[in-house]
Asks: 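One structure, as structure tokens, below. Some questions next.
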Amino acid sequence: MAQPVNVNALLPIEVDFQRERASGLRRSGDKLEDALVLVARAEKELRALSGLARVERYAAYRALWKEAERLRWNLTVQREACGLRNHRDLDLIYPLPPLLKE
């Protein structure tokens with residue numbers, strides 16, 4: 001017959017798991033926030049350019065935007081893995097601007 005599990009003995013482990021989940025979410029959010037700052041800066045620079053200079057800078061801007069999109073997807077997946085299913089707050093906290101046209 002199986003021994004009964006002492007729930008109080010497992011509580012510190014669960015606290016560590018929750019702490020690590022929160023830390024991982026924070027790190028992912030920080031990375032996304034940094035990427036969004038770079039996208040905003042690149043977008044501002046791109047809007048000030050025209051002609052060949054704009055075409056040359058667009059590839060770098062698009063790469064930054066795609067990286068921010070990837071990081072946002074990673075954060076969404078990570079949140080789902082933690083049981084957070086409502087992602088509307090991500091739109092408010094980490095808004096990803098629409099990709100500028102070439």
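Predicted model, so just to flag it, every value in this text is computed and none were measured. Both backbone and side-chain heavy atoms feed into the values below; hydrogens, waters and symmetry mates do not.
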Asks: Between Glu69 and Arg72, is there a salt bridge with N-O shorter than 4.0 Å?
Replies: no
Asks: Closest heavy-atom contact between Pro95 and Leu36?
Replies: O-CD2, 3.7 Å
Asks: Could you tell me which residues satisfy side chain to side chain donor-acceptor pair (under 3.5 Å) with Glu33, sequence neighbours excluded, listed by chain and number?
Replies: none
Asks: Test of understanding: with salt bridge (charged side-chain N to carboxylate O under 4.0 Å, His left out), list the residues that count as partners of Arg26, not counting sequence neighbours.
Replies: Asp30
Asks: Using salt bridge (charged side-chain N to carboxylate O under 4.0 Å, His left out) as the criterion, list what pairs up with Arg54, not counting sequence neighbours.
Replies: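 Partners of Arg54 by the salt bridge (charged side-chain N to carboxylate O under 4.0 Å, His left out) criterion come out as none, since no residue qualifies.
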Asks: Can you list everything that forms a salt bridge (charged side-chain N to carboxylate O under 4.0 Å, His left out) with Arg62? Sequence neighbours excluded, please.
Replies: none
Asks: Considering residues at least two apart in sequence or located in another chain, which fulfil the side-chain contact (heavy atoms from CB on, under 4.5 Å) criterion with Arg19?
Replies: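 Only Val15, Asp16 meet the side-chain contact (heavy atoms from CB on, under 4.5 Å) criterion with Arg19.
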Asks: Hydrophobic clusters join Ile, Leu, Val, Met, Phe, Trp and Tyr when side-chain heavy atoms are under 4.5 Å apart, directly or via other members; which others share one with Val77?
Replies: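 Val77 shares its hydrophobic cluster with Trp73.
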Asks: Would you find a donor on one side and an acceptor on the other, under 3.5 Å apart, between the side chain of Trp65 and the backbone of Pro97?
Replies: yes
Asks: Which residues pass the side chain to side chain donor-acceptor pair (under 3.5 Å) test with Glu56, not counting sequence neighbours?
Replies: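 Residues passing side chain to side chain donor-acceptor pair (under 3.5 Å) with Glu56: none at all.
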Asks: Glu80: which residues meet the salt bridge (charged side-chain N to carboxylate O under 4.0 Å, His left out) condition with it, sequence neighbours left out?
Replies: none
Asks: Considering non-hydrogen atoms only, spot the tightest contact between Leu64 and Leu38 and give its length.
Replies: CD1-O, 4.0 Å
Asks: What residues form a ring pair (Phe, Tyr, Trp, His ring centres under 6.0 Å) with Tyr61, not counting sequence neighbours?
Replies: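 Expected list: Tyr58.
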Asks: Are the charged groups of Arg27 and Glu20 less than 4.0 angstrom apart, N to O?
Replies: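 Salt bridge present between Arg27 and Glu20.
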Asks: Can you list the residues that meet the side-chain contact (heavy atoms from CB on, under 4.5 Å) rule with Leu25, with sequence neighbours excluded?
Replies: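 Checked Leu25 against side-chain contact (heavy atoms from CB on, under 4.5 Å); matches are Leu75, Gln78, Arg79, Cys82, Leu84.
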Asks: Is there a side-chain contact between Ser28 and Asn74 in this structure, where contact means two heavy atoms from C-beta onward sitting under 4.5 Å apart?
Replies: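 Contact flag for Ser28/Asn74 side chains = no.
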Asks: Would the number of heavy atoms belonging to other residues, nucleotides or ligands and lying under 6.0 Å from CZ of Arg85 be above 12?
Replies: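 More than 12 within 6.0 Å, yes.
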Asks: Supply the atom-to-atom distance Leu99 CG to Glu43 CD, rounded to the nearest 0.5 angstrom.
Replies: 9.0 Å
Asks: Holding to side chain to side chain donor-acceptor pair (under 3.5 Å), I want the full list of residues that pass it with Arg41, two or more places apart in sequence or in another chain.
Replies: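 With sequence neighbours excluded, Arg41 shows a side chain to side chain donor-acceptor pair (under 3.5 Å) to no residue whatsoever.
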Asks: Heavy atoms only: give me the nearest Thr76-Leu90 pair and the separation to one decimal.
Replies: OG1-CD1, 3.4 Å
Asks: Are the side chains of Leu92 and Arg88 in contact, using a 4.5 Å heavy-atom criterion?
Replies: no
Asks: Please list all pairs passing the ring pair (Phe, Tyr, Trp, His ring centres under 6.0 Å) test where one or both residues lie in residues 15-43, with sequence neighbours left out.
Replies: none
Asks: Calculate, to the nearest 0.5 Å, the distance between atoms CG and CD1 belonging to Leu32 and Ile93 respectively.
Replies: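 Between atom CG of Leu32 and atom CD1 of Ile93 there are 10.0 Å.
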